[in-house]
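A short write-up of the structure that comes next.
Computed from a predicted structure; not experimentally measured.
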Amino acid sequence: MRKSSSHPANQGSHEVRIIGGQWKRSKLPVAEKPGLRPTPSRVRETLFNWLGQDLTGWRCLDAFAGTGALGLEAASRGAVEVTLVEQDPSLCKSLQATVQRLNAHSVRVERGDGVAALRQRGKQGLDLVFLDPPFGDDGNELLFGAALQAARHAVADDGLVYLEAPRAWDADGLARLGLQPHRHGKAGMVHFHLLQPLPPQ
């Protein structure tokens, strides 16, 4: 969940809250790190309205976890298995502390590269993958493409991929990666998408 200077309304905030499920209103710390910007509550609310609120039994992976807001929101709503992948060691430590504080038995923190973690889970049939990569000055197009392609191979054929990006991804660009648009929204300068795998050929 790292960004450049997006969502200025969130700047200066040092915590966010889980908005639904068993840990509703629980606080998540937001470290003072350049570009760290958790998905705003209004975007998470929209996303989980799209998903239907109840994620009981779902298996999820948050590939660029940051504060863990997306993955922990899923676990709060019943996901049976959530993996939070984060490269930054201090953020991993904070995530571990949060998982212990919430007694979140369904959540596992994994330090490492989000794309590599997805590639390792190819064909595992995850129900939902969260992708909120760092934007960078150039938009990190190569990273986004690699993450989307890896996510497509990690989710089930009826699974879903959530993506935040500095631009809207169109059907043609997604099709080359084996995905198709399902829902799209925009908050500030950030586009958020819910994607579905294209049917197997």
Can you list, pair by pair, the side-chain donor-acceptor contacts under 3.5 Å of residues 16-27, counting residues two or more places apart and other chains?
{"from": "Arg17", "atom 1": "NH1", "to": "Arg25", "atom 2": "O", "distance (Å)": "2.9"}
{"from": "Ser26", "atom 1": "OG", "to": "Trp23", "atom 2": "O", "distance (Å)": "2.8"}

Contact summary for Ala65 and Glu86, nearest pair of heavy atoms
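That closest heavy-atom pairing would be N-OE1, 3.7 Å.
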So Tyr162 and Phe130, would you call those rings parallel, tilted or perpendicular, with 30° and 60° as cut-offs?
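Taking Phe130 first and then Tyr162, their aromatic rings stand perpendicular (interplane angle over 60°).
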Residues forming a salt bridge (charged side-chain N to carboxylate O under 4.0 Å, His left out) with [X], sequence neighbours excluded:
{"X": "Lys93", "result": "none"}
{"X": "Asp113", "result": "none"}
{"X": "Arg167", "result": "Glu141"}

Sequence neighbours excluded, which residues qualify as side chain to side chain donor-acceptor pair (under 3.5 Å) partners of [X]?
{"X": "Glu110", "result": "Arg108, Arg121"}
{"X": "Gln53", "result": "Asn49, Arg77"}
{"X": "Arg152", "result": "Asp157"}
{"X": "Asp170", "result": "none"}

Considering only residues two or more places apart or on different chains, which pairs with a residue in residues 188-201 satisfy salt bridge (charged side-chain N to carboxylate O under 4.0 Å, His left out)?
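Those involving residues 188-201 do not exist here.
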What pairs of residues pass the salt bridge (charged side-chain N to carboxylate O under 4.0 Å, His left out) test when at least one of them lies in residues 48-60, not counting sequence neighbours?
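Every salt bridge (charged side-chain N to carboxylate O under 4.0 Å, His left out) pair that includes a residue of residues 48-60, provided the two are not neighbours, is Arg59-Glu81.
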Would you say the side chain of Ser94 lies within less than 4.5 Å of the side chain of Leu28, judging by non-hydrogen atoms?
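Side chain of Leu28 against side chain of Ser94, heavy atoms only: no contact under 4.5 Å found.
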Using the side chain to side chain donor-acceptor pair (under 3.5 Å) rule, collect all pairs that involve residues 172-185, keeping only residues at least two apart or in two chains.
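Only His184-His191 qualify under side chain to side chain donor-acceptor pair (under 3.5 Å).
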Got a sec, which residues hit ring-ring contact (aromatic ring centres under 6.0 Å, His included) with Phe48, two or more places apart in sequence or on another chain?
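If we apply the ring-ring contact (aromatic ring centres under 6.0 Å, His included) test to Phe48, skipping adjacent residues, there are no hits.
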